[in-house]
Every structure is written in structure tokens, then in C-alpha cells.
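Data block below; observations after.
Just so we're on the same page: letters track the sequence lines, and every chain starts at 1.
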Protein chains: 2
Amino acid sequence: MAEQKATNVHWHEGDITREHRAKILGHRGATIWFTGLSGSGKSTVAVELEGVLHEHGVLAYRLDGDNVRMGINKNLGFSAEDRTENIRRIGEVAKLFADSGIIALSSFISPYVADRDAVRELHVAAGIDFIEVFVDCSLEAAEGRDPKGLYKKARAGEIKNFTGIDDPYEAPPSAEIHLHSDQQSLDEEVAQILGELRERGIIAA
Amino acid sequence: MAEQKATNVHWHEGDITREHRAKILGHRGATIWFTGLSGSGKSTVAVELEGVLHEHGVLAYRLDGDNVRMGINKNLGFSAEDRTENIRRIGEVAKLFADSGIIALSSFISPYVADRDAVRELHVAAGIDFIEVFVDCSLEAAEGRDPKGLYKKARAGEIKNFTGIDDPYEAPPSAEIHLHSDQQSLDEEVAQILGELRERGIIAA
């Protein structure tokens, strides 16, 4: 923080813009949107990426089930309509974060192309970088991991409309980044994303 | 940004916490919640405060009608139920911003004590600073300014349930900061808020 200690500092240069905030932070804001099956490794790569970005002095923030489904979207269920509204709201929040200068890391199954494209459109219209990351993983591998025991419950019929079992996962036809989490190492995945951020000039080369 | 340029940096220290982010930013996150009549000067002081904080190298972000009512809350109207949901969602978004290390500046009439207290409770439960700022201004003065011509429309019956005219404004019984925007200068208002942020150790003294 600057050493300015006076309380009578004025500000007459108009609204603070993205450029002002990028100057404070040393990097631009952006939304990195992870999509993939439950158990595909979205959160794993998001957590690792957040840590590595932190090592680079880059401010990132993860949006995930823990802080969204329990918070702003706690009044939404899993009907088709509520799933769409869930992704719409997350997209709007991610956009606000990216606008503020932070790199938003969104980590949700987000199974439908139309919902993800609506979020992309929001960002494009505002001139904010949107990077869709397809965390590609075979159903067999994801179900084999089953870190939360959800596939087991879905197979037993205890969870209905479970993506990959009795609800479709629509793979992105043209994601900015295509990871293969059942073949790549975590380091390789993170390096691929960092490369994209550097190429776009979001973080320093 | 740090000069680290290797792509193979690892991060093995667990989840990034508020403390990590405060270290990058040089200040803590918090929510500053402006409440008051339409035309009381909430946005005016929020804009000035954002600029002065920027001068101090402090990252703040304003949540207001422009980026919230048109975005995440665009599917809400002005019924009692929708007004409550409007404030609930804004409170959740502000909390996420404060958690990320940013100083969130929320600038909405937010006329009901119960709605504001629910937002306060969210923050308290998460150990995040919540500073309610009552932008106190007589109805006469606010209506005299009428910057958006809304009072005129409300008096003409063209807008229903307008706060201060045919819908109540519930003044905060114990706001952390009580401004008198019809008596204080903008500088005095900003200085009062900066003093509170310093006293709490959110920004450097």
C-alpha cells in the first residue's frame, strides 16, 4: 500500500476503471471457467492454479459449490430451470470479479453449452476475457475416482438427474483450453493455462 | 507482480486464505454498506471513497444499480419479496468480494432493517468486517436534489412503493458510521469512513 497517510486526499479523475485496478494489481482481471464431469478434476486444477498464481503475486478467487451453492444460490435446486439460473448467477458474479481486476476461477460442472455460451456472451459484451477450460475426463475415470461417492448414489438411484448418468454432459465444441485430466499431470494442466494467460497479456510474460 | 517467470512453480501450502490475499494487496477485505434515501448521496460518497482508496493503493469495487440490477438481479422486480431477495444477493456478492480481499462498496437504498441485518449476520458469521454507513439526509433535502427525477414521478403516482413517499425507510438504529449528507462536506464524510477503516486495521494507519 502507498505510504499516503493524509485523510484529505482528493480524487478528481472520474470513475475508477479496469485500467486503474490493473495498475494496482499488476495484472488484468479475467474469468477462467472450468467445465467437466463430477470428479473430472476441475477443483483440483483450480486450487493448484490459484496457488501458483498467488506465488506469482496474482490475485485470483475461486467460485465453487462451497461458497456459491451455500450462499447466493442457496435458494436454487436442481431442476433444469434452477440449473440454468445457477450458472447465470455464477457467470454474473464471475464477471463482476473479473471487472474488479481479479482472476475469477469458476469450478462447476456447468453441463449445458447454451448456459456456458450465455456466460461467455456476458463477458464478450463487456470486453472481459472469458477462458473456457474443458476438463476432459472419461466417465469411467471420473466414476472410478468418485471422490464424493456421488456416482455410487446416482447408480443406486439415490440422486436423480446426475450429469453423465441420467443427465447429459454437453462437451464444449471450442473451449479456449482443452485439458485431459485422465492423461495429463496437474503441472502440465496449470502450465497450459498460465501459457494462455501470458499469451493474452492478462499476466506478465 | 513478482518477477517469477518459471511455469513450473508449485504450491503446496494448502488453500489460499484471506491472509494470503491480504499480503498481496496490503490491506484486508471488508464490506462497506451504504444505506439511505434515494438522492441522499450514497453513490456520491461511494465514488469519492473509491477514488481516495485508489490513491492509497487500496483495491475497492462498487456494487450499485448499474452493475447489479442490470446483471445478477435483472430477474427481480420491486415487490417486497423481490426487494428482500435483491438485498440478499447483493449481500452475498459483497461478502465474496470482501472474502477475496477487496473492499466492497455497496450502494443501495436497502430500506429495511431486517434485510440489512441479515447481510450483517452473513458477514459476522464468516468473520468478515461489515460496516454499515447510514447516509442520513432529510426527505426534504433528498427530494429537493431529486437527481434522477424519481421523487417527481413518485409524487405524480407514476412510480409506486417509492421509499420515503409511499414505502417506509427504516433508519439504522446502530450503524457503524452515521453521515449527515445534508450538513457534512464530501471530504468530511470520506475522512470519517477512512478513520473507521484505519481503526479496524483494514487499511494501514
Side-chain angles (χ1 to χ4, degrees), chain A residues 1-5 7-16 20-21 23-27 47-63 67-68 71-75 85 88-89 91-93 95-97 99-102 104 122 187 190-191 194-195 198 203-205, chain B residues 1-5 7-16 20-21 23-27 47-63 67-68 71-75 85 88-89 91-93 95-97 99-102 104 122 187 190-191 194-195 198 203-205:
Chain A
M1 203 162 69
E3 276 303 289
Q4 175 61 260
K5 290 185 178 179
T7 58
N8 58 344
V9 176
H10 295 267
W11 177 256
H12 294 300
E13 299 177 33
D15 276 9
I16 298 296
H20 288 112
R21 289 189 284 262
K23 212 169 168 188
I24 284 187
L25 286 166
H27 59 81
V47 167
E48 179 68 14
L49 177 63
E50 184 185 29
V52 172
L53 286 173
H54 177 80
E55 283 284 283
H56 288 68
V58 172
L59 195 65
Y61 191 70
R62 284 188 295 118
L63 300 171
N67 60 16
V68 169
I72 192 162
N73 288 356
K74 71 178 180 185
N75 53 359
E85 173 67 4
R88 187 192 73 81
R89 288 190 203 165
E92 292 279 6
V93 172
K95 182 190 147 193
L96 291 174
F97 269 100
D99 186 43
S100 83
I102 285 185
L122 269 183
D187 285 354
V190 168
L194 290 178
R198 291 196 180 94
I203 63 172
Chain B
M1 202 162 70
E3 276 303 289
Q4 174 60 261
K5 289 186 180 179
T7 58
N8 58 344
V9 176
H10 295 266
W11 176 257
H12 294 299
E13 298 177 34
D15 275 8
I16 298 296
H20 289 112
R21 288 189 284 260
K23 212 169 167 187
I24 284 187
L25 287 166
H27 59 82
V47 167
E48 179 68 14
L49 177 63
E50 184 185 27
V52 172
L53 286 173
H54 177 79
E55 284 284 283
H56 288 68
V58 172
L59 195 65
Y61 191 70
R62 284 187 296 118
L63 299 171
N67 61 15
V68 168
I72 192 159
N73 288 355
K74 71 178 180 184
N75 53 0
E85 173 66 4
R88 187 192 73 79
R89 288 189 202 165
E92 292 279 5
V93 172
K95 181 189 148 197
L96 291 174
F97 269 99
D99 186 43
S100 82
I102 284 184
L122 269 184
D187 285 356
V190 168
L194 290 178
R198 292 196 180 96
I203 64 172

- Query: Closest heavy-atom contact between B:Ile24 and A:Val58?
  - Reply: CD1-O, 3.8 Å
- Message: If you apply the rule side-chain contact (heavy atoms from CB on, under 4.5 Å), what do you find for A:Leu53 with B:Ile16, and how did you get there?
- Response: CA-CA 10 Å; A:Leu53 286 173; B:Ile16 298 296; over 6 Å; no
- Evaluate the side-chain contact (heavy atoms from CB on, under 4.5 Å) criterion for residues B:Glu92 and A:Asn73: first the C-alpha distance (whole Å), next the side-chain angles of each, then the deciding distance (0.1 Å), finally the verdict. CA-CA 9 Å; B:Glu92 292 279 5; A:Asn73 288 356; over 6 Å; no
- Contacts of A:Glu85 that satisfy side-chain hydrogen bond (donor to acceptor under 3.5 Å, both in side chains) - sequence neighbours left out: A:Arg88, A:Arg89, B:Asn75
- Query: Are A:Arg62 and B:Asp15 close enough that some pair of their side-chain heavy atoms sits under 4.5 Å apart?
  - Reply: yes
- Item | Those residues that, when tested against B:Phe97, pass ring-ring contact (aromatic ring centres under 6.0 Å, His included) (two or more places apart) | A:Phe97, B:Tyr61
- Item | Inter-residue atom distance A:Arg21.CZ - B:His54.NE2, 0.5 Å rounding | 9.5 Å
- Task: Could you tell me which non-hydrogen atom of A:Leu25 sits nearest to which non-hydrogen atom of B:Leu59, and how far apart they are?
- Result: CD1-CD2, 3.8 Å
- Report the option among B:Ile102, B:Asp99, B:Asn67 that has the most heavy-atom pairs separated by less than 4.5 Å from atoms of chain A. B:Asp99
- With chain A, which of B:Leu96, B:Leu63, B:Leu122 has the greatest number of heavy-atom pairs at distances under 4.5 Å? B:Leu96
